[in-house]
Each structure stands twice: as C-alpha cells, then as structure tokens.
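Just so you know, these numbers come straight off a predicted model, no measurement behind them.
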Amino acid sequence: MPLGPGQRVLAVADDLSGAAETAAALLSRTTRTRVLLDPRTDTPAPAGTTTVFDLDSRQLSAADAAARITTVLTGLAPDTVVCKKVDSLLRGNLAAEIAALAATGRGVLLAPALPAERRTVRDGVPHTDGVPLHTGDSWRAEASAPPRSVAEALGVPVALLGLQAVRGPDHHLRTALREALATGLPVVADAETDADLDALLAATLDIDPRVVLAGSAGLALALGRTLGGGSPAPLPPPGPAVRPLLVVVGTAEPVAAEQVRRLVTDGAALYALDHAPSHPGPALPPLRPGITVLTPRQDGPPDPAAARSIARHLARTAAALLDTAPGPADLVLTGGETARRVLDALGVRELRPRGQVHHGAVLAETPDGRTVVTRPGSYGGPDSLRLIARALRAPAARTPPTPTPTPAPPASKPGRTSQDHAKGPFMNATPAAAAGTAPTTAGNAGALPVIAVTMGDGAGIGPEVIVPALLDPGTLSRIRPVVVGDAERLRRAAGLLGLADQVEIVTVEAPADAEFTPGRINVIDLGLLPADLPWGKLSAVAGDAAYQYVRVASELALSGAVQGICTAPLNKEALHAGGHLYPGHTELLAHLTGVEEVSMMLSTDTVKVIHVTTHIGLIDAVARIEPGLVERTVRRGHDALVRAGVEHPVIGVCGINPHAGENGLFGYGEEEEKIVPALEVLRADGIDARGPLPADTAFFLAGRGDYDLIVAMYHDQGHGPVKILGLEAGVNLTVGLPVIRTSVDHGTAFDIAGTGTADPGSMIEALRQAAALAPSPTG
C-alpha cells in the first residue's frame, strides 16, 4: 500500500520520551503530528493526522498496560496504520502489550532494532554494540534479568524472519514474510541497518497494511520516510540566555554524570536532590535566568525499586522551582518516567513536536508556548546536554561541540556562595558528584560503514568544514570516517577554528588501522601540500592534490576497504591547472571507477533533483539530450529513491524550453523529440514519471511535496532552485557509481577560506546521507 500525505497514523509508546521520539520520526511536511498524554482522549483524528499516545505504562501491571493498548485501538478507522513503539532493549510490559496487539487480529511485525544507537537483532537475539543483550550491562537498572532472545521476552512462540530473508530479493522477502504472518504468531524480524528496516516496512505494507508495526524508533523512522517525513522546518532559533532553562536529569545511566559535568563546566547551576524528602521543602531557591540542572544525588548503584518515587520527587521539585521563575521557563527532560512525571505536575496534556536536536532529543512545544526537549536516559554522547542547551539558548548555539572531557568545575563560582546553591532539600554538588568518564567508540564499532572523506582543494574551505563535521557527536554514531588528505592542513584548520586543543589528528596507513573515538580524526596523509600554501588562492599544487585524494579514495572503495566516499569541494580551474582535465567530481569518479555514465543528484529536505546533463554549455546540453539519455537518467534516480526507501517515487521531468515548449510555441519541438519518447517507455515499465513540465512549475510543486524527484535537463535548471530552497543543507550525490558517493553542495569558497567562518552543515548532512546509503562492511 503506497502511503501518502493524507495517511492516518496512530502510534503508541509506553513512556513519554519514546512517544516523543516516535512523533519526531513521523514528522511530515503535510500532516499534523501530536503527542497526547492521556489514552482516554476522545479526539477522532482526521485524515492526514499522526497521533502518538504516551500510554505511561512502563511501570503498570501487565494487565493494565494491555488494557491501555486496547483503549486506544478501539474504534480505529480501518485504513489507520498502527505503529507500536517498543523499547529497543525490550524493557517494560512488552509481552502483555504485544499480546494485546495480536488480539486485534491485525497481525504483528516486531522489529526492535535501532541502528542509530548500534542496537541490532540477529537470529532473534538483541545486541548492543555487537554484544548480546543478556551478556552486557544494559539492564543494570532493571529488577529482572535480561531476556536471552526476543521470543523469551515475549514468552510465546514466534515466527522468526532471519537476516538472510530480510536482505534477499524483494519477492523472496515478501514470500517469507507472508508465510510468517500466516502462522498467526508474532513475527520477529532480524535487522542491523536502516536499509533492513526499510525493506521490512515496504514488504509489510505491500502484503497487508493492517499489520501492526511494532519496533523501536528505527522502524518509526522507516515509516516516516515512507510518509514523506523529515522535519517540516528548521528548529526554532535559540532563545535569549536570560530566559530560565531547567534541565531535569532523571536517569541512572553512567554517561549522564559526564553530560551534567560538561554542562556545569559551561556555567550551569547544579542542584543534586536528596532522595529522602517527600516534598520540596519550604526554602526553595528561585529559578535563575540561564541554565539550571536538577538531578538526584547518586550515592551508590541505582535502585530500580526507588525509580518511580525519585521521578515523582524530581517532578514536584521541578514544578515548585518553575513557580519561582521570574518569567516563562523552558525544560529539558531526560528519562521517560521523569519526563512524564514533570509534565503531569505541570498539567501538560499535549506536545507538538518540531524536530530533533540530535537522535532521540526531541524538541516540542506545549499549547501554552513552553519549549520542552525530551530524551531517553540512555541516549546521547557526553556532549548531549551541551548540544541541547546550545540549540535552545544563545549565545553559544553556533559553537562547535567540544569533543573531549573538560576540567571539573569549581565548587562555587566567583560572586556565588555555596548557600546560593544549597537551600532546603538541595545539596551543593561537588565536582566528584558530577564526574564521569566519557565512553569511546571502538575501532570495530558494530556494522558502521567506513567512509573515505576526501579533503578537496586544500586552499578552500574543505579542511574547515571537515574538522567540525567529524567532531559532530552524530558522526561517529553513523559512520567510521577516514580522511584522505593532508594531516598538517587539517591541523591548521583546527587551529584557526579554535579547536586545536580539542582534536587529535592521527595519521594512519589504511582504514583498518584507524581507531574511532570522540575528538580523534584519522587521516591517510598523502603529504602533498606545502606548509605555506595560502588560503583562498588558486593553486595547481592544490588542484593536483585534490585529484590524488579522490584517486586514493576510489581505490579504497573498489577494494572494499571503505563502503563509501564523501567529498569536500574541489576547484575545477585548479584541477585543470594540475593537469587533470575533468569537468568535476562526477566525471572524475566515473573515470576512476570505470563507469561510462553517471548522474548528479542534488538532495535537500525540500527537493531532490537529478540532472540529464551537467558541466557543459547550454547549446551543447540541448544537443546532447536524447530519449535514451533521459530514460537512463530517470531510471537511475528512480532506483536511488527506491533503495533509499521511497517505494513508488513520483518523478517530475522538466522540459527544455520555457513553458516546456507550450505545444510548439517555443523552441523547435525538442520536448516531443527528446523527452516524450523516454517518458512513454518509463511509464510502460511502471515508473511514475510525469512531464514534460515547465521548470518553474515543477520546482514549485516539488517544494510543496508533490514530487519525490525532479529531473532537470541541464545544470542551471536544477542547481538554481536547489540553492534557493536548501543550499546550506544540500548534498550532492553521484548516482550510478559502483560505490556510494556524497558531497557538499557548495564550492571551495575561496573568499572566506582561512577565516574559520565556513558552515559545516552541508558536510554533516553529506556524511549522514553517506551513512544512510552505504552498505555495512562485510569483513
């Protein structure tokens, strides 16, 4: 069943952070998405609405949790797609809730893998960072022992869909899934990558869209991609630093102490709350402008039996603190139980999600205008709270994140006494109370793809966007990056960015020698640039070096040492001056990988464009366009979208002349001669390619979501609108290569090179899309 913008979706989760995470995954440009905190809410959802219920059932009895599932599923419209968010570590009332879903007769597909957090399922056994769940320590805060398999967690027989079936040809997967559903048992599916989850979702919706989709946020993200998801607008700009921001950390996860410590180092006030008091006490300190952190004092290992009482105590204290604020205050809430108790104390019954600061850190608004960020307790690296605070509060919001541990804060700051910190039930937290050790990412981090990052023209902004992009906390959670370039040039870039003391740039001989830890950048150092190479100046030496970086990366890709290439910009004039006469990266990569024909695709959140011709003059472009080239270009774009999870892409094909020729009024019949025959062949093969369209109309319709892809006939026809609609987040993909290749959608920017002002956003997005499209390593 192809899903569209008018699709009605109902999702349920057992805690608030999970509900918010699911809602963010299902955000769409064309639908209203809401999180409701009361399962009894009698508000029938109109078509085009995504409703996510927080059932608040994690701590309920099994029978009560199942009853809440039944309540929200009663009276559903038949065409409603149902998604059940489950904990990727299988905590909570999983067995009772899946049984309640199975009792509806819809059938249940359970796929709990969450690739973004390196949580996978193989042979029905959940793994975290490659370690089976039952042999690790992810359940240390739980009262019971972890299950050895998903089937054991459910306590009933299941039909297992193994990884071999999931990754087989589409018709084999559908046959295996259809047979598994026919057993009437819950179907437990293996998955290790987002591509696995996309394949499962597509097959399930094709077989029977009534099947309940039960899984982690990874499966919800796959559904969001099918719905045309992706954040509908950028996050709101940071608010003023004088507005209070209360950060409530209600989690026993070890990384939380380090997250808090780094936020306190940045100047946040810290209150460690004793467990004993049953009420906030009479002498609460007022909530000050700026950032305040409220967290329970940890005097020993976590006590699962006390978790709910601690959350309630935090909630009462937070509500009382907010009453003392001099004006409106915003919230950051970590841990689903804590987040729910705080919002209950404030009387909040609905959240309207806007997007994610990072994976799982969901920014939402309340009906009364308060901003709330929720995040599961186990999510995020050591800088998670820093990133959230910077997204919410100027002036530090645009500063690159600090990747290495910072010194512990002093017990009190100048001008502030310890009495200011500790009043009533609050105890002043010492540096030791907030100290912790930042976890590292091992060199063999799960099944993450290795991506070769070419440095581009060393005189341009390539080095300046690579360094902060590889320090971004999300990067190491998605890929294992290895730069092919010049180590000393990267060190110079780090210095002018003010990051020299926060990054370690290490030379390696091959990707297999690299180690992947926060703050470390691995470089295959070709050593081709002179130390005195000026920034922002055309250089034949830099042009030749840019070529050599791409050559080495291509060799690594063809040998299987890396699973993809992400390129920083090169300068075409410098490339030619260096003796390499290629129009650009696209043609150079095609030559180096032995491919005769490839296509350039530009991708933003708003629009995706593939080009029939690129780096040639306009007269030559019109002469080159012919039906076969148009057909092959459309097929490459169609296939790329299908692989990315768009099962039935709608493709708009531009004409060549103004108004697409307007029935011969403009031009000499080029549309009828060069484009229409290709469209007839494509449509006969089931590809939804529409046109020829006037280019201005095509991009307008694409901008509002009518088309998944626009086919541009020549360079500027496609590039101009993309740069207007999404240059900063744009990514350049080369479609048709034997290896995944992404690139920033901007040039070398010689005018600002060496100033430290280049925006790394497009490089971060290029790395993200490389992660999404690249296969997992086989060795």
Side-chain angles (χ1 to χ4, degrees), residues 1-9 26-31 47-48 50 79 81 170 198-199 201-203 205-206 209 221-232 599-612 627 629-656 659-660 671 675-713 717-718 721-722 725-726 730-731 733 735-736 769 772-773:
M1 180 189 83
L3 303 184
Q7 183 64 48
R8 187 185 287 107
V9 177
L26 298 176
L27 279 175
S28 170
R29 295 185 300 273
T30 54
T31 60
T50 296
D79 63 342
V81 172
D170 286 349
D198 287 342
L201 179 75
L205 293 175
D206 183 56
L221 283 165
L223 180 57
R225 288 189 288 271
T226 300
L227 291 168
S231 184
S599 295
M600 175 190 295
M601 180 186 291
L602 303 181
S603 176
T604 73
D605 285 341
T606 308
V607 64
K608 290 178 173 57
V609 182
I610 192 169
H611 293 70
V612 176
L629 179 58
V630 173
E631 179 190 342
R632 294 190 300 273
T633 302
V634 174
R635 289 188 188 276
R636 280 190 286 269
H638 175 271
D639 293 347
L641 290 182
V642 170
R643 287 196 302 272
V646 182
E647 188 170 0
H648 300 292
V650 180
I651 301 172
V653 181
C654 294
I656 297 173
H659 298 243
E671 282 76 19
I675 299 174
V676 171
L679 297 182
E680 292 173 347
V681 173
L682 292 164
R683 291 167 186 155
D685 288 346
I687 294 176
D688 191 354
R690 306 177 185 181
L693 302 170
D696 53 353
T697 300
F699 281 99
F700 169 76
L701 295 175
R704 74 179 190 186
D706 290 15
Y707 293 108
D708 299 301
L709 176 68
I710 293 296
V711 180
M713 291 295 126
Q717 190 182 57
V722 167
L725 293 172
V731 173
L733 312 177
V735 180
Q769 292 210 28
L773 295 171

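Closest of all the heavy-atom pairs between Ala689 and Val634 is CB-CG1, 4.3 Å. Considering all non-hydrogen atoms of both residues, Gly652 and Tyr707 come closest at N-CD2, 3.5 Å. In plain terms, the two heavy atoms of Ala702 and Val607 that are nearest each other are CB-CG2, 3.7 Å. Pairing each heavy atom of Pro692 with each of Ala660, the nearest pair is O-CB, 3.8 Å.
Taking Glu671 as the reference, Asn657 meet the side chain to side chain donor-acceptor pair (under 3.5 Å) condition, with sequence neighbours excluded. Under the side-chain contact (heavy atoms from CB on, under 4.5 Å) criterion, Ala203 pairs with Leu173, Arg174, Leu177, sequence neighbours left out. Partners of Arg683 by salt bridge (charged side-chain N to carboxylate O under 4.0 Å, His left out), not counting sequence neighbours: none found. Ser599 is linked by a side chain to side chain donor-acceptor pair (under 3.5 Å) to Arg636, counting only residues two or more places apart in sequence or in another chain.
A side-chain donor-acceptor contact under 3.5 Å links Gln717 to the backbone of Gly655.
Atom CG in Asp206 sits 6.5 Å away from atom NE2 in His648 (nearest 0.5 Å). One finds the OG1 atom of Thr50 at 8.0 Å from the CG atom of Leu223 (value rounded to the nearest 0.5 Å). Considering CD1 of Ile710 and CG of Leu701, their distance stands at 7.5 Å, rounded to 0.5 Å.
A salt bridge does not link Asp708 with Lys608: every distance from a Lys NZ or Arg NE/NH1/NH2 to an Asp or Glu carboxylate oxygen is 4.0 Å or more.
Judged as a side-chain hydrogen bond (donor to acceptor under 3.5 Å, both in side chains), the pairs with a partner in residues 688-703 (not counting sequence neighbours) are, in order, Asp688-Arg690.
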